[in-house]
Amino acid sequence: MRDSPTSAAFSGAVCVRFAPSPTGYLHLGGARTALYNYVFTRRHGGIFILRIEDTDLSRSTDEAIAQIVTSLSEMGLDWDEGPGKPGSHGPYRQTERHHIYAEHVRRLRDDGWLYPCFCSAEQLEAERQRAQAEKRSWVYGGACRELSSGEAERRIAAGEPWTLRFRVPDGVTSFHDMLRGPVEVDNDTIGDFIVQRSDGTITYNLAVVVDDVTMEITHVIRGDDHISNTPKQILIYRALGAPVPSFLHMPLLFGTDKKKLSKRHGATQLEQLTAMGYLPEVVRNYLCFLSTEFDESMIGWTLADLVDRFDVEQLGRSASIFDPDKLRWMNARYIRELDAAALGERLVEYLTRAGFYGDPQRWVAPDVAPIPGTAVAPEPRQEELTRAVAPLVQEKIELLSDVAGLAAWFFHPLRLHGDALERLRGTAGARQTLQAAAAGLSALEGWHLEGVEALVRGLPTQLEVKPKAVFAALRLGMSGQTVTPGLFESLWLLGREDAVRRLEAAASLL
RNA sequence: GCCCCCAUCGUCUAGUGGCCUAGGACGCCGGCCUUUCAAGCCGGUAGCACGGAUUCGAAUUCCGUUGGGGGCACCA
């Protein structure tokens, strides 16, 4: 039973944010969160803010921020306000918002919501251990809760380290999740939590709320690992006298072992996937369609389609597992639906980025790691060849990188290595087939696909060799491989001179 | 331990009390087609976590159990 969309309750403009912390790379789960936020806002004509949660300075890096920006751009997402896009709700990095937090802390403290606590971390840890040992639940006992302000001030003045805690009121805190309906939590399971550390910095739960309030966020869309934080945050909203936004906690993305997606799961970053030959828009759509009903016609959806046809509020509630097989199938499907010229374009772009043109003969598709800076621009001839190869491989590749296994041989002279040579030697009538084909091709009038095909098709009867053997010999002799694009097309694309040269070279090895 | 969230084929899911002998897709297996490999088409494999209750009737509602996940941080 799904509750009716809460958006109806919001008459004003929708405003959402994506707030990654740049402590590492943005993985697919984060990308998915960003996507849903984006689609939701655009769908409601709202604005999308990118905020960088870098409160943990020691673990935040500029490279991580750059990577996040790259990932989002690859999926086609743009933001109305955020890094590189100043607006009325800035600044957009938490490290630049200290004055805002300070001001709100002062307000909360003046209103009696916050109190200084002098309990040391060790002391609290010990209490926690003891509670654990006695199988009791533990929340902060409030030893400092009733300290008189006079005493507190005296101890602060005396230089004792202190933190600021939020005074959690009695009662029950509840909210309505857009996906899950009502969620209710008893406040005494929460316990007064720390809001300002002894070094004066602010804690996550306070920072998000202050940011969301000041940025006028109306809908918070994030992973369901935040559900248990929500009541604390709501308490802060109320203490601040600010309107509480709507919440939508989306199901998490797991690896094949049903654990939250992490580096251990192989390629879990958009850049890794695109380096391996997945198309970013396919990954984007795949991510979007997890937790929801999916049909093939959706594979080719554009971002605009997503915006007006995809409803985040229809999402399922349980975590889903990232399935590389299905993604691969989608990618193949998408490639087949591209028009050949577009595929050629993608192939050139991909092979350039992947450094293929530097050494086509030895190039190997990346497995998991992102491509390092190895881009090599194609020579005009290579680029032309790539575009010409595109329609020949379109039905056969699943990933852009698969083109190499199928067609790299076009890019370098014939190499018949041991295995292939053995096979060729074992193919009935190989030598005469190759010679006859070479002779036939050089004598061919004009150079058309139809002519090449007619010639090759005539060979079996002419030579009295089984068709299978003829085709096998030619395929091997032309490419050194057993798997290639269509035989006629390949010979034709090689051009008369190169085709003949290869077949003759192969024949001479027998 | 306490609190919260979740639970249909291996995976993504349809299913809102009778239309369910549980449907589709990926994967896997087999067949057809075929110059290889694919693609395509056809067929097969496999699931309501368990136990109670409500009901004429439950995958669907309620309660418990189990399992998974998250939180209980001077992490975000």
Side-chain angles (χ1 to χ4, degrees), chain A residues 1-2 19-23 53-56 59-60 94 117 119-121 124-125 128 131-140 161-165 177 179-180 183-186 188-191 193-205 207-208 223-232 249 251-252 254 256 258-260 286 289-296 316-330 332-333 336 393-398 402 405-406 456-457 459-460 466-476 479 481-488:
Chain A
M1 192 66 58
R2 196 58 51 82
S21 68
T23 52
E53 304 210 326
D54 58 352
T55 33
D56 189 357
R59 295 199 295 149
S60 302
Q94 289 189 327
C117 170
C119 302
S120 72
L124 295 169
E125 185 51 34
R128 202 173 299 134
Q132 185 80 293
E134 292 167 19
K135 303 193 177 214
R136 283 184 291 111
S137 66
W138 186 85
V139 291
Y140 177 66
W162 55 284
T163 61
L164 239 29
R165 281 186 188 271
D177 188 279
L179 244 34
R180 297 156 212 274
V183 178
E184 216 180 65
V185 172
D186 204 322
D188 55 43
T189 63
I190 299 178
F193 52 93
I194 291 176
V195 121
Q196 186 182 83
R197 303 183 185 95
S198 49
D199 65 359
T201 58
I202 238 62
T203 255
Y204 169 74
N205 281 118
V208 241
D224 70 18
D225 51 341
H226 283 285
I227 290 179
S228 3
N229 284 324
T230 308
K232 288 180 194 167
H249 290 100
L252 256 23
F254 287 164
T256 28
K258 298 182 197 267
K259 294 270 159 52
K260 209 166 151 181
Y286 172 77
F289 300 142
L290 281 171
S291 299
T292 202
E293 186 165 25
F294 160 83
D295 86 90
E296 285 180 27
R317 292 170 296 261
S318 53
S320 30
I321 292 171
F322 174 66
D323 179 4
D325 282 336
K326 187 131 182 186
L327 213 209
R328 173 184 295 268
W329 167 80
M330 270 179 72
R333 201 69 197 206
R336 272 176 266 135
V393 298
Q394 185 159 25
E395 297 279 284
K396 297 169 186 281
I397 61 176
E398 295 187 295
D402 291 339
L406 223 43
V456 174
R457 284 205 188 276
L459 254 23
K466 284 189 174 160
K468 241 182 156 97
V470 168
F471 290 116
L474 294 181
R475 185 179 309 281
L476 242 11
S479 66
Q481 306 190 162
T482 52
V483 179
T484 68
L487 185 55
F488 319 127

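Each chain gets a letter, A, B and so on, in the order the sequences are listed, and its residues count up from 1. When reading the values below, keep in mind they use all heavy atoms of this one structure, side chains included, and skip hydrogens, waters and symmetry mates.
Between the C1' atom of B/rG27 and the CG atom of A/Asp325 lies a distance of 6 Å, rounded to the nearest Å. In this structure, A/Lys232 places its NZ atom 12 Å from P of B/rA76, rounding to the nearest Å. Rounding to whole angstrom units, CG of residue A/Asn205 and P of B/rC74 are separated by 11 Å. Between the CD atom of A/Glu293 and the P atom of B/rG23 there is a distance of 14 Å, rounded to whole Å. The nearest whole Å value for the distance from the CG atom in A/Leu290 to the P atom in B/rC26 is 15 Å. Taking atom CG of A/Leu487 as the reference point, atom P of B/rU36 lies 11 Å away to the nearest angstrom. Between A/Leu252 atom CG and B/rU11 atom C1' the separation is 17 Å, expressed in whole Å. Between the OH atom of A/Tyr286 and the P atom of B/rU11 there is a distance of 12 Å, given to the nearest Å.
Nearest heavy atom pair, residue A/Leu290 against residue A/Ser320, reads CB-OG, 3.7 Å. Nearest heavy atoms, A/Arg317 versus A/Arg180: O-NH1, 3.4 Å. Minimum heavy-atom separation, A/Val183 to A/Ile227: CG1-CG2, 4.5 Å. The minimum heavy-atom distance linking A/Ile202 with A/Gln196 is given by the pair CD1-NE2, 3.8 Å. Across every non-hydrogen atom of A/Lys232 and A/Ile190, the tightest pair is CG-CG2, 3.7 Å. The minimum heavy-atom distance between A/Tyr286 and A/Asp323, with the atom names listed, is OH-N, 2.8 Å.
A donor-acceptor contact shorter than 3.5 Å is absent between the side chain of A/Glu53 and the backbone of A/Val208. Between the A/Asp224 side chain and the A/Pro251 main chain, no donor and acceptor come within less than 3.5 Å of each other.
Separation of the C1' atoms belonging to B/rG52 and B/rA76 is 42 Å when rounded to the nearest angstrom. Using atom C1' as the reference point in both B/rC26 and B/rU45, the two lie 14 Å apart (nearest Å). Here the separation of B/rG17 from B/rA53, taken at their P atoms, is 22 Å to the nearest Å. For B/rG69 and B/rU11, the P atoms lie 14 Å apart once the distance is rounded to whole Å. One C1' atom belongs to B/rC63, the other to B/rG24, and the distance between them is 33 Å to the nearest Å. The separation of B/rA22 from B/rA49, taken at their P atoms, amounts to 14 Å, rounded to a whole angstrom. Across B/rC12 and B/rA7, the matching C1' atoms stand 15 Å from one another, rounded to whole Å. B/rG57 and B/rG44 are spaced 33 Å apart, taking the C1' atom of each and rounding to whole Å.
Note on A/His226: a base of the nucleic acid sits closer than 4.0 angstrom, heavy atoms only. Base contact: A/Thr163 has a heavy atom under 4.0 Å from a base atom. Looking at heavy-atom distances under 4.0 Å, A/Cys119 makes contact with a base. Within the 4.0 angstrom heavy-atom criterion, base atoms lie near A/Phe488. Among the protein residues, A/Asn229 comes within range of the nucleic acid bases, having at least one heavy atom under 4.0 Å from a base atom.
Not one side-chain nitrogen or oxygen of A/Lys326 sits closer than 4.0 Å to the OP1 or OP2 atom of B/rA25. Proximity of A/Thr292 to the phosphate of B/rU13: no side-chain N or O atom is located under 4.0 Å from OP1 or OP2. The shortest distance between the side-chain N/O atoms of A/Ser320 and the OP1/OP2 oxygens of B/rU13 is below 4.0 Å.
When both distances must be under 3.5 Å, the Watson-Crick or G-U wobble mate of B/rC41 is B/rG31. Of all nucleotides present, only B/rC26 satisfies the Watson-Crick or G-U wobble test against B/rG10, with each distance under 3.5 Å. Base pairing annotation: B/rC72 forms a Watson-Crick or G-U wobble pair with B/rG1, both donor-acceptor distances under 3.5 Å. Taking a pair to require two hydrogen-bonding distances under 3.5 Å in either a Watson-Crick or a G-U wobble arrangement, B/rU61 pairs with B/rA53. Remark: B/rC48 base-pairs with no nucleotide in the shown strands. Criterion, Watson-Crick or G-U wobble with two distances under 3.5 Å.
Residue A/Arg475 is the one, among A/Arg475 and A/Thr23, whose nearest nucleotide of RNA chain B lies closer to the 5' end (criterion: closest heavy atom).
Checking B/rU36, B/rU13, B/rC12 against every side-chain atom of A/Val483, the shortest atom distance belongs to B/rU36.
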Show each protein N/O and nucleotides 3-10 of chain B N/O combination with a separation under 3.5 Å, one pair to a line.
unit_1, atom_1, unit_2, atom_2, d
B/rC5, O2', A/Arg180, NH1, 2.8

Below 3.5 Å between N/O atoms, which protein atoms pair up with nucleotides 38-41 of chain B? Just atom names and distances, please.
unit_1, atom_1, unit_2, atom_2, d
B/rA39, O3', A/Arg336, NH1, 3.0
B/rG40, OP1, A/Arg333, NH1, 3.0
B/rG40, OP1, A/Arg336, NH1, 3.0

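The closest side-chain donor-acceptor pair between A/Asp199 and A/Thr201 falls under 3.5 angstrom.
Between A/Thr230 and A/His249, some side-chain heavy-atom pair lies under the 4.5 Å cut-off.
Using bins of under 30°, 30° to 60° and over 60° for the plane-to-plane angle, the ring pair A/Phe294/A/Phe289 lands in the tilted bin.
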### Query
A/Glu395 and A/Arg336: side chain to side chain contact (heavy atoms under 4.5 Å, CB included), yes or no, with the steps?
CA-CA 6 Å; A/Glu395 297 279 284; A/Arg336 272 176 266 135; 3.5 Å; yes
